[in-house]
Every structure is written in C-alpha cells, then in structure tokens.
S.K.: 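I'd like to ask some things about the structure below.
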Amino acid sequence: TVGAVALDMNGNLAAATSTGGMTNKQFGRVGDVPIIGSGTFANHVAAVSATGWGEKIMQQVSANTIANLVEFGGYSLQEAVDYLLEERLQPDEAGFIAVDSEGNIVMNMNTPGMFRGSIDSRGNKEVKIWIEE
Amino acid sequence: VEWAVALHGGAGTISQDLPDSVRQQYYDGLEQAVRTGQIVLREGGSALDAVEQVVKNLEDNPLFNAGRGSVFTSEGTHELDAAIMDGSTMEAGALTGLTTVKNPVSLARIVMEQSNHIFFSGQGAEQYADQTDVQRVENDHFFTQNRYEQWQRAQEQSHLYSDTYRSIYESVNADKFG
C-alpha cells in the first residue's frame, strides 16, 4: 500500500491511498484503502492515509476517527494517531501518515517498520523505514 | 508551516537484513516521492495535485505494493484499489478491483471530480475507466518477479493451511503487509 497526505499554501488538505491489496487475497476481498473514512480521509482539520491489516483498520473507522479526535476531542494530531495505534488497534496492525491544518506531520506505526517520508516548507525532512531510526 | 507533505509505502515486518543495495533502492524511491510532492507544493500547487502525483510516483515504483509491483491475488492476477479525498470540499473518489488502469489514484480523482458517485467496483470500475482517457495496460504490467515468488510461497502455505486448518486471522497475520 502507498499513500500521501498534504497541506497546500491555501490551507487545503488532501489524502490519497493506493494498493494491490493482500497477497493471495480471495473472493473479491477489499481492505481499508478505498473505504473513505477508514484508509483514506481528509477534511478541514486533518488528512490521513493508513496502511496495514485492512480489516482491523476498517473496524476502527481509523482515518476518520483520527480526524474526529482532533476536531472534537481536543487531541493533537500526534495524540490522535497514537490513541488509534495504542488503544484501538493491536500491535503489528497498522501505520498512519497524517497532516493537520497547521502543517504538523505525524508518521507512526505499531509495526516494526513503515516505508515513509515527509517534508515541509521549513525544510524539515524525514525518510525512514524502521521504527527505531 | 506554509505547506507539508507526508507519504508511506506500506507498513509491516520489514527485515533489517535487507542487502544494502536493496535498502538504498527503498530510500531512493521514498526520496523521489518526497521530491515529487515538494515540487508541486513549493510551486503553489494544490494539496490534491500533490497527493495524486506522489501516489502516482509510488504506483510506478515496482518496490511498493500498488500499481506496478502489486501483489498477486489467489487467481494469480492483480486487483488494484485506490481512493482520494479533498479536505476542502469533502469530495472523494474510490475504486476497487481494477485490473487494467495503470494509475488507479488518477482514476479515483476523475471519479471524484467528474462523476456523480464516489465508489465503483470491479467490472463497473473498468467500464467507468473506458469512459475516460486514463492510461490502460495489460494486467501483467503490474507483474514483478519478487511478488510472483512471494505469491508462490503463499500458495504453498495456503495448501498447508487447508490440511492443518488455520483461521483466516492466523493466515493473514502471518503474511500481512501494507
């Protein structure tokens, strides 16, 4: 699975996700990626793209829940992503990338690794694979 | 922060024993995708353009499980899913089960911007693609040897599972990735 989230100069947010699915998948199985609100979501508060075990990500309506925690729960983007990863999902199930309307970027996972990268207008840049990098 | 972009190429158990050359390929691929988003946003492009271009870049990179380099279904084919959402309008487009669209994310954007609907599946998604000018490819465009060998191993394991019964969760847990 691949995904991207962005904030532009006009303050608009967007998210996109694309996948080949799960190896050896059967019977028209569909994961979280094309389910708006689960694997992909954006509004005026946050943009989120997910990756991992699709069924688990769907059960938590994950991407929308992250945005809702920020909008209605008073969570920071980091706290919202961490809440999903630590309280709603089990270890080894998912990773999220997210950006909020202030340009805060969060890339976190409860798996050993996630291919990920980010950059912002201040020149903050990250390209990482494993969690402990 | 005037603009920002983040991307992922899948999460899971990624071996720390990757050969340096392969490890570098992943870093280079991620760097290239980051640059793609940077260029769009730095030049004043929209967040929507940035996420589409970044995901297209990753779909075209055979290292990642999307577009070229996608995993195999149990039937030995490739089925692709994609979605895009514009936070400024709450509009969205999504597709599942595509087999001949080179860059599913671009078709998702067309669904969002040009159709009255949000989500097309399978044959209907392919028929919708017929009405657009998105680039089409044969299904084997998405083939990579690495994914093929991964699929063969999964097939062998699935036969073992059927003999000794494992739950779908155990089976998925053993081989989930992205």
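Here the structure is a predicted model, which means the values were calculated and not measured.
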S.K.: Report the option among A:T17, A:N10, A:T40 that has the most heavy-atom pairs separated by less than 4.5 Å from atoms of chain B.
M.R.: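 Of A:T17, A:N10, A:T40, A:T17 has the most heavy-atom pairs under 4.5 Å with chain B.
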S.K.: Measure across A:A16 and B:V105 and return the closest heavy-atom pair with its distance rounded to 0.1 Å.
M.R.: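 Minimum heavy-atom separation between A:A16 and B:V105: CB-CG2, 3.8 Å.
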S.K.: Heavy-atom distance under 4.5 Å between the side chains of B:L7 and A:R116, does that happen here?
M.R.: no
S.K.: Among B:R35, B:E52, B:E79, B:R109, which has the most heavy-atom pairs under 4.5 Å with chain A?
M.R.: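 Option with the top pair count is B:E79.
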S.K.: Measure distances from A:I119 to the heavy atoms of chain B and classify the residue's part below 4.5 Å as side chain, backbone, both or neither.
M.R.: both
S.K.: Please report the shortest heavy-atom distance between B:V34 and A:K125, naming the atom on each side.
M.R.: CG1-CE, 4.4 Å
S.K.: Would you give the length of the straight line joining atom CG of B:L58 to atom OG of A:S18, rounded to the nearest 0.5 angstrom?
M.R.: 9.0 Å
S.K.: For B:A4 versus A:I105, what's the shortest heavy-atom pair and its separation?
M.R.: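 Reported closest heavy-atom pair: CB-CD1, 3.8 Å.
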S.K.: For A:E133, which atoms come within 4.5 Å of any heavy atom of chain B: side chain, backbone, both, or neither?
M.R.: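 When you check distances to chain B, only side chain atoms of A:E133 fall under 4.5 Å.
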S.K.: Considering non-hydrogen atoms only, spot the tightest contact between A:M114 and B:I14 and give its length.
M.R.: N-CD1, 3.8 Å
S.K.: Run the side chain to side chain contact (heavy atoms under 4.5 Å, CB included) check on A:Q26 and B:T73 step by step: do they pass?
M.R.: CA-CA 6 Å; A:Q26 296 182 309; B:T73 67; over 6 Å; no
S.K.: So what's closer than 4.5 Å to chain A heavy atoms on B:Y27: side chain, backbone, both or neither?
M.R.: both
S.K.: Quiz question: by atom type and distance under 3.5 Å, do the side chains of B:W151 and A:N24 form a donor-acceptor pair?
M.R.: yes
S.K.: Consider only side-chain heavy atoms of I, L, V, M, F, W and Y, link residues closer than 4.5 Å, and tell whether A:V70 and A:L85 are in one cluster.
M.R.: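 Yes, A:V70 connects to A:L85 through the hydrophobic network.
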S.K.: Measuring from atom CG of B:D81 to atom CG of A:D32, what distance do you get when rounded to the nearest 0.5 angstrom?
M.R.: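 Output value for this atom pair is 9.0 Å.
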S.K.: Give a yes or no on whether A:L89 and A:Y75 share a hydrophobic cluster (residues Ile, Leu, Val, Met, Phe, Trp, Tyr; joining criterion: side-chain heavy atoms under 4.5 Å apart).
M.R.: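 Both belong to a single hydrophobic cluster.
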S.K.: Has B:E138 got more than 12 heavy atoms of other residues, nucleotides or ligands less than 6.0 Å from its CD?
M.R.: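 No, the 6.0 Å shell around CD holds no more than 12 heavy atoms from other groups.
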S.K.: What option among A:G28, A:P34, A:A6 has the most heavy-atom pairs under 4.5 Å with chain B?
M.R.: A:P34
S.K.: Minimum heavy-atom separation for A:A4 to B:V54, with atom names?
M.R.: CB-CG1, 3.7 Å
S.K.: With a 4.5 Å limit on heavy-atom distance, are the side chains of A:I35 and B:F119 in contact?
M.R.: yes
S.K.: In the single-linkage hydrophobic clustering (I, L, V, M, F, W, Y; side-chain heavy atoms under 4.5 Å), do B:L63 and B:Y148 co-cluster?
M.R.: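 No.
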S.K.: What part of B:L41 is in contact with chain A, defined as an atom under 4.5 angstrom from a non-hydrogen atom: side chain, backbone, both or neither?
M.R.: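 Both backbone and side chain of B:L41 come within 4.5 Å of chain A.
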S.K.: Measure the spacing between CG of A:D120 and CD of B:E2 and express it to the nearest 0.5 Å.
M.R.: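 So the CG of A:D120 and the CD of B:E2 are separated by 10.0 Å.
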S.K.: At their closest point, which heavy atom of A:G20 faces which heavy atom of B:S70, and how far apart are they?
M.R.: CA-OG, 3.5 Å
S.K.: Mind ranking B:S88, B:A66, B:A6 by heavy-atom pairs under 4.5 Å with chain A and telling me who comes out on top?
M.R.: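 Sorted descending by pairs with chain A, the first entry is B:A6.
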S.K.: Counting C-beta onward and ignoring hydrogens, is there a side-chain heavy-atom pair between B:V71 and A:M22 closer than 4.5 Å?
M.R.: no
S.K.: Between B:F72 and B:F142, is there a shared hydrophobic cluster once you connect ILVMFWY residues whose side-chain heavy atoms come closer than 4.5 Å?
M.R.: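 Per the 4.5 Å side-chain linkage, B:F72 and B:F142 are not co-clustered.
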S.K.: Which atoms of A:F41 come close to chain B, meaning under 4.5 Å heavy atom to heavy atom: side chain ones, backbone ones, both, or neither?
M.R.: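 A:F41 touches chain B through backbone and side-chain heavy atoms alike.
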S.K.: Heavy-atom distance under 4.5 Å to chain A: side chain of B:Q16, backbone, both or neither?
M.R.: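 The answer is both parts of B:Q16.
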S.K.: We want to know whether B:H8 and A:S49 form a side-chain donor-acceptor pair, criterion being a heavy-atom distance below 3.5 angstrom.
M.R.: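 Judged by distance alone, the side chains do pair up.
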S.K.: Does any backbone or side-chain atom of A:A50 lie under 4.5 Å from a heavy atom of chain B? Answer side chain, backbone, both or neither.
M.R.: backbone
S.K.: Side chain, backbone, both or neither: which part of A:M107 has a non-hydrogen atom closer than 4.5 Å to chain B?
M.R.: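 When you check distances to chain B, only side chain atoms of A:M107 fall under 4.5 Å.
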S.K.: For chain B, find which of A:I131, A:V99, A:V30 contributes the most heavy-atom pairs closer than 4.5 angstrom.
M.R.: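 Most heavy-atom pairs under 4.5 Å with chain B: A:V30.
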S.K.: Report yes or no: do B:V55 and B:V5 belong to one cluster of Ile/Leu/Val/Met/Phe/Trp/Tyr joined by side chain heavy-atom distances under 4.5 Å?
M.R.: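 Linked, B:V55 and B:V5 end up in one cluster.
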S.K.: For chain A, which candidate among B:P104, B:A47, B:A82 shows the most heavy-atom pairs at distances under 4.5 Å?
M.R.: B:A47
S.K.: If I measure from the heavy atoms of chain A, does B:I118 come under 4.5 Å with its side chain, its backbone, both, or neither?
M.R.: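 Contact with chain A involves the side chain of B:I118 alone.
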S.K.: Is it the backbone or the side chain of A:E102 that comes under 4.5 Å from a heavy atom of chain B, or both, or neither?
M.R.: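 A:E102 touches chain B through backbone heavy atoms alone.
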S.K.: In Å and rounded to the nearest 0.5 Å, what is the CD to CG distance from B:E43 to A:D8?
M.R.: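 The CG atom of A:D8 is 13.5 Å from CD of B:E43, to the nearest 0.5 Å.
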S.K.: With a 4.5 angstrom heavy-atom cut-off, which part of B:L18 approaches chain A: side chain, backbone, both or neither?
M.R.: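 Only the side chain of B:L18 comes within 4.5 Å of chain A.
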S.K.: Measure the acute angle between the ring planes of B:Y26 and A:F115, then classify it against the limits of 30° and 60° as parallel, tilted or perpendicular.
M.R.: parallel
S.K.: How many angstroms lie between CG in A:N12 and OG in B:S46, if you round to the nearest 0.5 Å?
M.R.: 8.0 Å
S.K.: Can you tell me if CZ on B:R136 sees more than 12 non-hydrogen neighbours from other groups inside 6.0 Å?
M.R.: yes
S.K.: Between CZ of B:R147 and OG1 of A:T23, what distance do you get to the nearest 0.5 Å?
M.R.: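 Nearest 0.5 Å value for the CZ-OG1 distance: 6.5 Å.
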S.K.: Quick test of your reading of the model: are A:K25 and B:E75 salt-bridged, counting only N-O distances below 4.0 Å?
M.R.: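 Result for this pair is no, no salt bridge flagged.
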S.K.: Heavy-atom pairs under 4.5 Å with chain B are the metric here; pick the option from A:N124, A:I36, A:V106 that has the most.
M.R.: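 The residue among A:N124, A:I36, A:V106 with the greatest pair count is A:I36.
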S.K.: Working note: A:V2 + B:N65, criterion side chain to side chain contact (heavy atoms under 4.5 Å, CB included); need CA distance, chi angles, decisive distance, verdict.
M.R.: CA-CA 7 Å; A:V2 306; B:N65 178 22; over 6 Å; no
S.K.: Between B:S15 and chain A, which part of the residue has a heavy atom less than 4.5 Å away: side chain, backbone, both or neither?
M.R.: backbone
S.K.: Which bit of A:V5 comes within less than 4.5 Å of chain B, counting heavy atoms only: side chain, backbone, both or neither?
M.R.: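 Its backbone and side chain both get close to chain B.
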